[in-house]
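Since the structure comes first, as structure tokens, the remarks are kept for the end.
In what follows, every heavy atom counts, from backbone to side chain, and hydrogens, waters and symmetry copies are set aside. In this chain, numbering begins with 1 at the start of the sequence shown. Keep in mind that what you see is a predicted model, and the values were worked out from it rather than measured.
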Amino acid sequence: QSGTFKSLSYIPSDINSSGTIVSRNQIHFSNGTVKQVNISGADNVFVNGINDLGRITGAAHFGGTPGTWKGFIATCH
């Protein structure tokens with residue numbers, strides 16, 4: 001809600017106009033629901049952006065060390 005502030009137990013990467021926040025590999029919805037972002041076969045997932053349409057951007061790591069990072073765009077539900 002605009003003008004309302006609260007403390008967080010995590011460091012946010014991005015927030016959209018609906019109050020949905022992305023941080024590390026999670027999506028924090030304004031109603032308190034938290035969803036983890038999983039990508040099949042990835043060792044690590046980082047979400048770094050969300051827009052007002054609910055599209056998220058991030059990167060997923062595959063293949064151990066050194067492995068490969070691949071960017072992604074997805075829609076959160």
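Closest approach of Ala42 to Val45, counting heavy atoms only: CB-CG2, 4.0 Å. The shortest non-hydrogen separation linking Pro66 to His61 is O-NE2, 2.9 Å. Between Pro12 and Ser23 the shortest heavy-atom distance is CA-CB, 4.2 Å.
Within 6.0 Å of CG in Leu8 there are more than 12 heavy atoms belonging to other residues, nucleotides or ligands.
Between Trp69 and Phe46, the ring-plane angle classifies as tilted under the 30° and 60° cut-offs.
Separating the OG1 atom in Thr68 from the CG atom in Asp43 is a distance of 10.0 Å, to the nearest 0.5 Å.
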Full working for side-chain contact (heavy atoms from CB on, under 4.5 Å) between Tyr10 and Gln26: CA-CA 10 Å; Tyr10 54 90; Gln26 295 180 328; 5.8 Å; no
Walk me through it: do Ile27 and Val37 pass the test side-chain contact (heavy atoms from CB on, under 4.5 Å)? CA-CA 7 Å; Ile27 304 169; Val37 176; 3.8 Å; yes
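Judged purely by atom type and a 3.5 angstrom limit, Asn16 uses its side chain to pair as donor or acceptor with the backbone of Asn51.
Criterion: ILVMFWY side-chain heavy atoms under 4.5 Å apart, direct or through other members. Under it, Phe72 and Phe62 are part of a common hydrophobic cluster. Follow the hydrophobic side-chain contacts under 4.5 Å out from Ile39 and you reach Ile50 in the same cluster. Phe29 is connected to Ile56 through a chain of hydrophobic side-chain contacts under 4.5 Å among Ile, Leu, Val, Met, Phe, Trp and Tyr, so both are in one cluster.
A donor and an acceptor atom, one from each side chain of Thr57 and Asn48, are located under 3.5 Å apart.
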